[in-house]
Amino acid sequence: MEAEATRDKVPIVGPVVASFFQQLVTMTGAKTVFEMGSAIGYSTIWWARAVGEGGRVHYTDSDAKNAEKARRYFQRAGVADRITIHRGDAIELLSEQKETFDIIFNDIDKDDYPRVLRMVPPRLKKGGLFITDNVLWSARVVEKNPDATTKAILEFNRELYKSKDFETTIMPVRDGVAVAVKK
Ligand SMILES: C[S@@+](CC[C@H](N)C(=O)[O-])C[C@H]1O[C@@H](n2cnc3c(N)ncnc32)[C@H](O)[C@@H]1O
């Protein structure tokens, strides 16, 4: 999958961030993960392995071809039975969920990050983790004249730190991972 992602320029989290996610699951005992923006299912497989048997991971992506590739990878990885595949807008899909999750992982289009933040709190358990990738955006977040996408990430980061719902740390791993614990 890493080779395919490099070849086709699919922006996956990669093994260092994925191992960190696995550690977070081990630390918290998380069993349910809702992933927003799953592409070919690379990070989804790490979540699925981490939550183990009896765990459940929700895959979401707006691209049908990605979902089909991911479905085949889930079979090959032997974790298909613990993954629910949803195709469509991850924000809408999250809003339709009736349950609350142990972990919500946000990796969709960055311009939508502020909207994601508004949706997440009621769908996360107390003590649950809201995890977001690319919050340092290749250091563009410290540029003098940020573009619209960078502005959206900056707004997201500020609102996340200000939020009374979360305690947050940005881990400077790869492209920056925000880990926010729901109070
Ligand atoms: C950065 S990639 C995900 C990589 C994946 N999390 C991994 O690390 O293996 C982002 C994916 O989100 C999808 N996407 C972007 N905005 C979306 C949205 N609003 N709803 C659903 N999927 C979206 C894109 O199609 C793309 O495949």
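Just follow the structure's listing: the first ligand is 1, and inside any ligand the first atom is 1.
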Novice: Give the residue and atom name of whichever protein heavy atom lies nearest to atom 21 (C) of ligand 1, and the separation in Å to one decimal.
Specialist: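 I find the closest protein heavy atom is Gly88 O, 3.2 Å.
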Novice: Specify the protein heavy atom at minimum distance from atom 4 (C) of ligand 1: its residue, its atom name, and the distance to 0.1 Å.
Specialist: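 Ranking protein heavy atoms by distance from atom 4 (C) of ligand 1, first comes Asp107 OD2, 3.4 Å.
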Novice: Please tell me whether Val25 and Ile104 are part of a single hydrophobic cluster in this structure, the criterion being side-chain heavy atoms less than 4.5 Å apart.
Specialist: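 No: no chain of side-chain contacts under 4.5 Å links Val25 to Ile104.
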Novice: Flag Ile108 as yes when one of its N or O atoms lies below 3.5 Å from any N or O atom of ligand 1, and as no otherwise.
Specialist: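 No, there is no polar N/O contact under 3.5 Å.
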Novice: Write out the residue and atom name of the closest protein heavy atom to atom 12 (O) of ligand 1, then the distance separating them to 0.1 Å.
Specialist: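 Answer for atom 12 (O) of ligand 1: Gly37 CA, 3.3 Å.
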Novice: Closest non-hydrogen protein atom to atom 20 (N) of ligand 1, residue and atom name please, with distance?
Specialist: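 Heavy-atom neighbour on the protein nearest atom 20 (N) of ligand 1: Ala90 N, 2.8 Å.
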Novice: Would a distance-only check, ignoring hydrogens and angles, find a side-chain to backbone donor-acceptor pair under 3.5 Å from Thr44 to Tyr59?
Specialist: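 Side chain of Thr44 to backbone of Tyr59, a donor-acceptor pair under 3.5 Å: no, none is there.
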Novice: Please report which non-hydrogen protein atom sits nearest to atom 1 (C) of ligand 1, along with the residue it belongs to and the distance in Å to one decimal place.
Specialist: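 Looking only at protein heavy atoms, the one closest to atom 1 (C) of ligand 1 is Pro11 O, 3.2 Å.
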Novice: Going through the checks in order, is the side-chain hydrogen bond (donor to acceptor under 3.5 Å, both in side chains) test met by Thr32 and Asp102?
Specialist: CA-CA 5 Å; Thr32 55; Asp102 296 322; 3.2 Å; yes
Novice: With a cut-off of 4.0 Å, which atoms of ligand 1 are near a heavy atom of Ala39?
Specialist: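 Selected atoms, number and element: 3 (C), 4 (C), 27 (O).
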Novice: Looking only at distances, please establish whether an N/O atom of ligand 1 is found under 3.5 Å from an N/O atom of Val13.
Specialist: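 Yes: some nitrogen or oxygen of Val13 is under 3.5 Å from one in ligand 1.
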Novice: Would you mind reporting whether Val120 and Leu94 have side-chain heavy atoms less than 4.5 Å apart?
Specialist: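 Of all side-chain heavy-atom pairs linking Val120 with Leu94, at least one is under 4.5 Å.
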Novice: For Thr150 and Glu143, which I'm curious about, is there any donor-acceptor pair between the side chains at under 3.5 Å?
Specialist: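 The answer is no; no qualifying pair exists.
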Novice: Test your reading of the structure: does Asp112 have an N or O sitting under 3.5 Å from an N or O of ligand 1?
Specialist: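 Among all N and O atoms of Asp112, none is under 3.5 Å from an N or O of ligand 1.
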Novice: Return yes when Asp89 approaches ligand 1 closer than 4.0 angstrom through a heavy atom, no otherwise.
Specialist: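 The answer is yes: ligand 1 sits under 4.0 Å from a heavy atom of Asp89.
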Novice: Only heavy atoms of Ser38, strictly under 4.0 Å: list the atoms of ligand 1 that pass.
Specialist: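 What qualifies from ligand 1 is 5 (C).
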Novice: Specify the protein heavy atom at minimum distance from atom 22 (N) of ligand 1: its residue, its atom name, and the distance to 0.1 Å.
Specialist: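 Here the closest protein heavy atom is Ser62 N, 3.2 Å.
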Novice: To the closest 0.5 Å, what do you measure between CZ (Phe130) and CE (Met119)?
Specialist: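 Between Phe130 CZ and Met119 CE, I get 11.0 Å after rounding to 0.5 Å.
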Novice: Any salt bridge linking Lys65 with Glu68? Criterion: basic side-chain nitrogen under 4.0 Å from a carboxylate oxygen.
Specialist: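 Here Lys65 does not pair with Glu68 in a salt bridge, since their nearest N and O are not under 4.0 Å apart.
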Novice: Please list the nearest protein heavy atom to atom 9 (O) of ligand 1 with its residue and the distance rounded to 0.1 Å.
Specialist: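 The protein heavy atom lying closest is Ser43 N, 3.1 Å.
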Novice: According to a 4.5 Å side-chain heavy-atom criterion applied to Ile, Leu, Val, Met, Phe, Trp and Tyr, with indirect links allowed, do Leu124 and Tyr113 form part of one hydrophobic cluster?
Specialist: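 Yes, Leu124 connects to Tyr113 through the hydrophobic network.
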Novice: Between Arg49 and Trp46, is NZ or CZ placed under 6.0 angstrom from the six-membered ring centre and within 45° of the ring axis?
Specialist: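 No.
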Novice: Heavy-atom distances under 4.0 Å decide this one: backbone, side chain, both or neither, for Asn134 against ligand 1?
Specialist: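 For Asn134, there is no contact with ligand 1 at all, from either part.
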Novice: Which atoms of ligand 1 have any heavy atom of Asp109 under 4.0 Å away?
Specialist: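 Counting atoms of ligand 1 from 1, those under 4.0 Å from Asp109 are 15 (C), 16 (N).
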Novice: Would you call Arg118 and Glu159 a salt bridge, taking side-chain N to carboxylate O under 4.0 Å as the test?
Specialist: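 Glu159 and Arg118: not salt-bridged.
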Novice: Judged on heavy-atom distance to atom 13 (C) of ligand 1, which of Asp63, Asp61, Asp111, Ile45 sits nearest?
Specialist: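 Ranked by closest heavy atom to atom 13 (C) of ligand 1, first place is Asp61.
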